Asks: 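Could you have a look at this structure, given as structure tokens, before my questions?
All values derive from a computational prediction rather than experimental measurement. Numbered from 1 within each chain, the chains take letters A, B, ... in sequence-line order.
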Amino acid sequence: MPELPEVETARRGIAPYLEGQRIKKVIVRDSRLRWPIPDELPALMKGKVIATVTRRAKYLLLALPKGTTIMHLGMSGSLRIIDAKEPALLHDHVDIVLTSGKALRFTDPRRFGCVLWEPGKPEQHKLLAHLGPEPLGNDFDGERLFQCSRKRKAPVKTFIMDNKVVVGVGNIYANEALFAAGIRPDRQAGAISRQRYQLLADQIKQVLAKAIEQGGTTLKDFVGGDGKPGYFKQELKVYGRGDQPCTSCKKSLIEIRLGQRSTVFCNSCQS
DNA sequence: ATAATCACCTGCTCGC
DNA sequence: TGCGAGCAGGTGATTA
């Protein structure tokens, strides 16, 4: 469940159970994630107190005294706070067990996620070092999109999903933001005006912020278990709605593929 | 440097 | 009912 709003929702859900808590042990049942979980990770974390739980892009960062645990949920990962003695199921790869009796359980059927260790500052890690600005921060705006896009021929949707341009815009919200901004996803990035990029940046921020707001509902799923997917589905205007009527003009939405990703737009509302 | 493709995995849905 | 094909919220690596 990993677009940025869900990662942020997960962060908010788990942080109160983790911050200030001491790690009793770390159980690794399967270290074969996108990158192997370091063998030494459990020993590095054991006995330490988690200072903070923060987020950079779609990475979650657990700040420990002498380093940071970096987690990513990939396509199918999820995190839950559980009672430490709850039996593990097939894809429950990691438990971070706390002395409080709770545990953070990392589950990921497809194993595209990761759990890594960075002994220095988290932003020094190879995966974090070259990321673009946070979409909801002040460093991201239409001017940046405009400047970064000059001479670029890739479709604008691919462009805004490029982590070096801006982080955290996944397939769902790329589709949604482009619809909200009235821009065709297959338009060349370099051929879009400054004014339209200002609109697009605003819509990216708005769509993500709204989804995070609604993510509050999901918080239960992450904390309590018993997760039900698709909590904000009713808000989606185009994603997953190919061939269905445009919510604005009622014409049939078009579904194409850009960069191997499903792309949906309205041929009359977006240009 | 940029763009397109591949790759990593499991699970689910669809059409035959 | 069974089975292969295709697709799924991500993104680094590889290839032109």
Asks: Do you know which two heavy atoms are closest between A:Ser149 and A:Phe159, and how far apart they sit?
Replies: CB-CZ, 3.4 Å
Asks: Report yes or no: is there a donor-acceptor pair, N or O only, under 3.5 Å between the side chain of A:Glu3 and the base of C:dG10?
Replies: no
Asks: Have a look at A:Trp117 and tell me which of A:His125, A:Glu40, A:Met45 forms a side-chain contact (heavy atoms from CB on, under 4.5 Å) with it.
Replies: A:Met45
Asks: Can you check the A:Asn175 CG to C:dG9 P distance for me, whole Å?
Replies: 9 Å
Asks: Please confirm whether the shortest side-chain N or O distance from A:Arg261 to OP1 or OP2 of C:dG9 is below 4.0 Å.
Replies: yes
Asks: Nearest-Å distance, CG (A:Leu73) to C1' (C:dA8)?
Replies: 15 Å
Asks: Going from CD1 on A:Ile204 to CG on A:Leu199, what distance comes out if it is rounded to the nearest 0.5 angstrom?
Replies: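 With rounding to 0.5 Å, CD1 (A:Ile204) is 10.5 Å from CG (A:Leu199).
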Asks: For atom P, what is the distance between B:dC9 and C:dT14, given to the nearest Å?
Replies: 15 Å
Asks: Taking the P atom in each of B:dC12 and C:dT11, what is the distance between them to the nearest angstrom?
Replies: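 Result for the P pair: 23 Å, nearest Å.
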Asks: Is there a side-chain contact between A:Gln270 and A:Pro185 (heavy atoms, below 4.5 Å)?
Replies: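 Answer yes - side chains close enough.
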Asks: Regarding A:Glu123 and A:Arg56, does a basic nitrogen lie under 4.0 Å from an acidic carboxylate oxygen?
Replies: no
Asks: Short question: side chain of A:Thr247, backbone of A:Lys237 - any donor-acceptor pair under 3.5 Å?
Replies: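 Absent.
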Asks: Could you give the distance from NZ (A:Lys210) to OH (A:Tyr173), rounded to the nearest 0.5 Å?
Replies: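 The distance works out to 11.0 Å.
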Asks: With a 4.0 Å cutoff (strictly under), does any side-chain N or O of A:His91 reach OP1 or OP2 of B:dG11?
Replies: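 Looking at the OP1 and OP2 atoms of B:dG11, one of them is under 4.0 Å from a side-chain N or O of A:His91.
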Asks: Report all interatomic pairs (protein N or O, nucleotide N or O of nucleotides 13-15 of chain B) with separations under 3.5 Å.
Replies:
none

Asks: Pull out every residue in residues 110-127 of chain A that has a heavy atom closer than 4.0 Å to any atom of DNA chain B, ordered by number, or say none.
Replies: A:Arg110, A:Arg111, A:Phe112
Asks: Looking only at side chains, do A:Ser262 and A:Glu255 share a donor and an acceptor under 3.5 Å apart?
Replies: yes
Asks: Measure the shortest side-chain to side-chain distance between A:Asp95 and A:Lys25 over non-hydrogen atoms and say whether it is less than 4.5 angstrom.
Replies: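 Not in contact.
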Asks: Within the structure, does a side-chain N or O atom of A:Ser262 lie under 4.0 Å from either OP1 or OP2 of C:dA8?
Replies: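 So the side chain of A:Ser262 is within the cut-off, an N or O lying under 4.0 Å from OP1 or OP2 of C:dA8.
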Asks: Please convert DNA chain C into dot-bracket. A pair counts if it is Watson-Crick or G-U wobble with both distances under 3.5 Å; crossing pairs go in [ ] and bases paired with another strand get |.
Replies: .|||||||.|||||||
Asks: Would you please confirm or rule out a distance under 4.0 Å between OP1 or OP2 of C:dG9 and any side-chain N or O of A:Tyr173?
Replies: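 No, because none of the side-chain N or O atoms of A:Tyr173 sits under 4.0 Å from OP1 or OP2 of C:dG9.
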Asks: Using the side-chain heavy atoms of A:Pro109, tell me which of these nucleotides is nearest: C:dG12, B:dG11, C:dT11.
Replies: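 In terms of side-chain proximity for A:Pro109, the closest of C:dG12, B:dG11, C:dT11 is B:dG11.
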Asks: Could you tell me whether the phosphate oxygens of C:dG12, OP1 or OP2, come under 4.0 Å of any side-chain nitrogen or oxygen in A:Tyr59?
Replies: yes
Asks: Do A:Arg184 and A:Asn267 pair up side chain to side chain, a donor and an acceptor below 3.5 Å, judged on atom types alone?
Replies: yes
Asks: Would you call A:Phe140 and A:Lys205 a side-chain contact if the rule is heavy atoms closer than 4.5 Å?
Replies: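 Of all side-chain heavy-atom pairs linking A:Lys205 with A:Phe140, at least one is under 4.5 Å.
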Asks: Is A:Phe179 close to A:Cys266 at the side-chain level, that is, under 4.5 Å between some pair of heavy atoms?
Replies: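 They are in contact (side-chain heavy atoms under 4.5 Å apart), so the answer is yes.
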Asks: Report yes or no: do A:Asn171 and A:Lys157 form a side-chain donor-acceptor pair below 3.5 Å?
Replies: yes
Asks: Using whole Å, report how far CD of A:Gln260 lies from P of C:dA8.
Replies: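 It works out to 10 Å between those atoms.
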Asks: Measure the CZ-CG distance between A:Phe265 and A:Asp186 for me, rounded to the nearest 0.5 Å.
Replies: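 Output value for this atom pair is 5.0 Å.
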Asks: Rounded off to whole Å, could you give me the CH2-to-P distance for the A:Trp35 and B:dC9 pair?
Replies: 13 Å
Asks: Test question: given the 4.5 Å side-chain rule for I, L, V, M, F, W and Y, name all other residues clustered with A:Leu131, or answer none.
Replies: A:Trp35, A:Tyr59, A:Leu61, A:Ile70, A:Leu116, A:Leu127, A:Leu128, A:Val167
Asks: With C1' as the reference atom in both, quote the distance from B:dG11 to C:dG12 in angstrom, rounded to an integer.
Replies: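 The same atom, C1', in both gives a distance of 23 Å.
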Asks: Atom pairs under 3.5 Å, N or O on each side, protein against nucleotides 4-6 of chain C: can you list them with distances?
Replies:
none

Asks: Looking at CD of A:Glu3 and CD of A:Glu176, how far apart are the two atoms once the value is rounded to the nearest 0.5 Å?
Replies: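 If I round to the nearest 0.5 Å, the distance is 9.5 Å.
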Asks: Using whole Å, report how far CG of A:Leu128 lies from P of C:dT11.
Replies: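 Value for this atom pair: 11 Å.
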Asks: A:Gln188 CD to B:dA3 C1': how many Å, rounded?
Replies: 12 Å
Asks: Closer than 4.0 angstrom, basic N to acidic O: yes or no for A:Glu134 and A:Arg55?
Replies: yes
Asks: Would you indicate what A:Arg257 reaches in the nucleic acid, counting non-hydrogen atoms under 4.0 angstrom: base, sugar-phosphate, or nothing?
Replies: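 Sugar-phosphate contact only - A:Arg257 comes under 4.0 Å of backbone atoms but never of a base.
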Asks: Under 4.0 Å from any atom of DNA chain B, heavy atoms only: list the residues of residues 150-166 of chain A that qualify, in numerical order.
Replies: A:Arg152, A:Lys153, A:Ala154
